[in-house]
Asks: 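One structure follows; several queries about it will come next.
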Amino acid sequence: MTGQDEPKKRCYKCLLREMDQNEYFQNLHDYIENLDEDIKASEELYNERLTVCKECDNLLEGMCKACGCFVELRAAIEKNVCPYSRW
């Protein structure tokens, strides 16, 4: 097996600034996609929540400036709420 054929090693103790941004966001989306259906928000609810977040002044590069969450992750879990009561 050559170095090119070896699977990529994942760093589990990296800071966000040390990670490849595209890979990080792909991992986040993969995590959301694979959430247990028992805790996952419906697609409709998820999209409604993201619509609200996209109109909010606190959204910055996928994160809430007010609470620090990744809005797509918070919105994907049914029981979660916006800490500022926007949804």
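Along the sequence shown, the residues carry numbers beginning at 1.
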Asks: Can you say whether the rings of Phe25 and Phe70 are parallel (under 30°), tilted (30 to 60°) or perpendicular (over 60°)?
Replies: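 Ring orientation, 0 to 90° scale: perpendicular.
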
Asks: Counting only heavy atoms not in Asp30, do more than 12 fall under 6.0 Å of its CG?
Replies: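 Yes, because the 6.0 Å sphere around CG of Asp30 holds more than 12 heavy atoms from other groups.
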
Asks: Rounded to the nearest 0.5 Å, how far does CD of Glu72 lie from CD1 of Ile77?
Replies: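 Rounded to the nearest 0.5 Å, the CD1-CD separation comes to 12.5 Å.
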
Asks: Report the distance from atom SG of Cys53 to atom CZ of Arg74, rounding to the nearest 0.5 Å.
Replies: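 Nearest 0.5 Å value for the SG-CZ distance: 9.0 Å.
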
Asks: Looking at Ala75, is its backbone amide N or carbonyl O close enough to the side chain of Arg49 to form a donor-acceptor pair, meaning the two atoms are under 3.5 Å apart?
Replies: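 Yes, the answer is positive, given that a donor and an acceptor are paired below the 3.5 Å cut-off.
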
Asks: Give me the atom names and distance for the closest heavy-atom approach of Val71 to Leu50.
Replies: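 Heavy-atom minimum between the residues: O-CD2, 4.0 Å.
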
Asks: CG/Asn80 to CD1/Ile39 distance, rounded to the nearest 0.5 angstrom?
Replies: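 Between Asn80 CG and Ile39 CD1, I get 8.5 Å after rounding to 0.5 Å.
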
Asks: For the atom pair NZ (Lys54) and CG (Asn47), what is the distance rounded to the nearest 0.5 Å?
Replies: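 Rounded to the nearest 0.5 Å, the NZ-CG separation comes out at 9.5 Å.
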
Asks: Using atom types as modelled and distance alone, determine if a side-chain donor or acceptor of Lys40 lies under 3.5 Å from a backbone N or O of Asn34.
Replies: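 No, Lys40 side chain to Asn34 backbone: no donor-acceptor pair under 3.5 Å.
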
Asks: Taking Tyr31 as the starting point, is it possible to reach Tyr24 by hopping between hydrophobic residues whose side chains are less than 4.5 Å apart?
Replies: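 Result: yes, single cluster for both.
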
Asks: Say you draw a straight line from CD1 of Ile32 to OH of Tyr46; how long is it, rounded to the nearest 0.5 Å?
Replies: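 Ile32 CD1 to Tyr46 OH: 4.0 Å, rounded to 0.5 Å.
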
Asks: Quick check: closest heavy atoms across Cys56 and Arg86, and the distance to 0.1 Å?
Replies: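 Closest approach of Cys56 to Arg86, heavy atoms only: SG-NH1, 2.8 Å.
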
Asks: List the atom of Met63, the atom of Gly68, and the distance in Å for their closest heavy-atom pair.
Replies: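 Nearest heavy atoms, Met63 then Gly68: CE-O, 3.2 Å.
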
